[in-house]
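Beneath this line is the structure, given in C-alpha cells, with notes to follow.
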Amino acid sequence: MEVINEAKRYIDNARGFLRNNARKENGVYQDTKYVKIAGHTAYSGVLMALDAVLPEKGSRKSVEWYQKELSAIDKRVLASFLNAYHQLHIGMGYDGNPSAKMANIGLQDAERIIHWVENRLEKTNQ
C-alpha cells in the first residue's frame with residue numbers, strides 16, 4: 001500500500017500549496033503559480049494510484065488510454081477521473097483556474113479515485 005500512501009501525500013501536498021502559498025481571498029486564489037503546481041501535483045497522485053491497478057503499458061499513457069481502461073472497469077470512477085483531469089490537470093495545472101470551489105471539487109474526485117484504488121488493492125491482497 002506504499003503507492004496509496006504516496007498518492008495521498010501528493011494530494012496533501014497539493015492542498016498545502018493552495019493553503020500556504022496561493023493566498024485565497026473571497027473564494028479565489030491570488031497566485032496562479034501555486035494553483036498550477038497544486039493541480040499538476042494532485043493529478044500526478046491520481047495517475048500514480050491508477051497505475052497500481054491498471055494493466056502495464058510500455059509507453060507513456062494518454063488520457064484516452066486511462067479513459068478506455070476505466071470505462072471497462074467502473075463508470076463512476078471514470079466520471080471522477082474525467083472530472084479530475086479537467087479540473088486538476090487542465091483547469092488548474094495549465095489554465096491556473098483560481099476558483100477555490102473548482103479546486104476543491106477536483107481534489108475531492110482525486111481522493112475518491114485513490115480510495116477506490118485502495119479498496120481494489122485490499123481486495124486483491126486478501
Side-chain angles (χ1 to χ4, degrees):
M1 292 297 215
E2 188 175 319
V3 70
I4 295 301
N5 290 334
E6 189 68 5
K8 288 178 180 179
R9 189 173 74 90
Y10 275 53
I11 302 304
D12 290 342
N13 287 345
R15 287 190 186 281
F17 287 128
L18 294 172
R19 180 179 50 254
N20 300 325
N21 302 101
R23 298 186 329 269
K24 183 169 74 171
E25 294 177 15
N26 299 320
V28 176
Y29 292 111
Q30 303 302 305
D31 193 335
T32 58
K33 171 186 171 182
Y34 291 102
V35 170
K36 289 179 179 188
I37 291 171
H40 284 302
T41 301
Y43 187 67
S44 294
V46 167
L47 297 182
M48 179 185 302
L50 287 173
D51 286 345
V53 295
L54 295 179
E56 292 284 325
K57 184 178 181 224
S59 62
R60 182 175 290 178
K61 300 166 190 139
S62 66
V63 69
E64 292 82 11
W65 182 85
Y66 285 101
Q67 189 174 355
K68 179 180 170 247
E69 294 297 323
L70 290 172
S71 71
I73 299 170
D74 189 322
K75 301 281 192 222
R76 280 184 256 164
V77 173
L78 172 62
S80 291
F81 172 74
L82 291 174
N83 191 53
Y85 171 75
H86 289 288
Q87 298 302 330
L88 300 174
H89 186 59
I90 302 297
M92 290 173 65
Y94 283 108
D95 298 338
N97 183 337
S99 169
K101 183 177 182 179
M102 299 314 290
N104 191 45
I105 291 169
L107 290 167
Q108 287 174 352
D109 277 315
E111 289 171 332
R112 192 172 297 118
I113 293 165
I114 293 168
H115 181 71
W116 176 82
V117 170
E118 184 176 28
N119 287 339
R120 287 185 66 89
L121 290 174
E122 285 174 356
K123 287 178 185 175
T124 59
N125 290 333
Q126 289 180 353

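Hydrogens, waters and symmetry mates play no part in the numbers below; they use all other heavy atoms, side chains included. Nothing fancy with the numbering, it's 1 onward along the sequence.
A pairwise comparison of heavy atoms in Tyr29 and Ala100 identifies CE1-CA, 3.4 Å as the closest pair. In plain terms, the two heavy atoms of Ala49 and Ile114 that are nearest each other are CB-CG1, 3.9 Å. Across all non-hydrogen atoms, the minimal contact from Ala14 to Ala42 is CB-CB, 3.8 Å. In terms of heavy-atom proximity, Leu88 sits nearest to Gly106 at CD1-O, 3.6 Å. Across all non-hydrogen atoms, the minimal contact from Ala7 to Gly45 is CB-O, 3.4 Å. Scanning both residues, Leu18 and Tyr34, for their nearest heavy atoms gives CD2-O, 4.3 Å.
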Exercise for review: Go through the steps for Val53 and Trp116 under the test side-chain contact (heavy atoms from CB on, under 4.5 Å), then give the verdict.
Suggested key: CA-CA 10 Å; Val53 295; Trp116 176 82; 4.0 Å; yes
Exercise for review: Walk me through it: do Gln108 and Asn104 pass the test side-chain contact (heavy atoms from CB on, under 4.5 Å)?
Suggested key: CA-CA 6 Å; Gln108 287 174 352; Asn104 191 45; 3.2 Å; yes
Exercise for review: May I have the step-by-step check of side-chain contact (heavy atoms from CB on, under 4.5 Å) for Glu69 and Leu78, ending in yes or no?
Suggested key: CA-CA 9 Å; Glu69 294 297 323; Leu78 172 62; over 6 Å; no
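Aromatic ring orientation, His89 versus Tyr94: perpendicular (interplanar angle above 60°, classes split at 30° and 60°).
The hydrophobic cluster containing Leu107 does not contain Phe17, counting ILVMFWY residues as joined when their side-chain heavy atoms lie under 4.5 angstrom apart, directly or transitively. Note on Phe81 and Tyr10: same hydrophobic cluster, where clusters join Ile, Leu, Val, Met, Phe, Trp and Tyr whose side-chain heavy atoms are under 4.5 Å apart, directly or indirectly. Linking ILVMFWY side-chain heavy atoms closer than 4.5 Å, directly or via other members, places Tyr43 and Ile37 in two distinct hydrophobic clusters.
Interatomic distance, Asp51 CG to Tyr66 OH, rounded to the nearest 0.5 Å: 3.5 Å. Note that OG of Ser80 and CD of Gln87 are 11.5 Å apart. Values are rounded to the nearest 0.5 Å.
A 4.5 Å side-chain heavy-atom check between Leu121 and Val3 finds at least one atom pair inside the cut-off. Leu50 has its side chain within reach of Leu70: a pair of non-hydrogen atoms, C-beta onward, lies under 4.5 Å apart. In this structure, the side chains of Ile73 and Arg120 come closer than 4.5 Å at one or more pairs of heavy atoms.
Hydrophobic side-chain contacts under 4.5 Å tie Met102 into a cluster, directly or through other members, with Ile105.
Judged by distance alone, with hydrogens and angles left aside, the side-chain atoms of Asp95 form no donor-acceptor pair with the main-chain N or O of Asn97 at under 3.5 Å. Although no hydrogens or angles enter the test, the distance criterion places no donor-acceptor pair under 3.5 Å between the side chain of Thr32 and the main chain of Val35.
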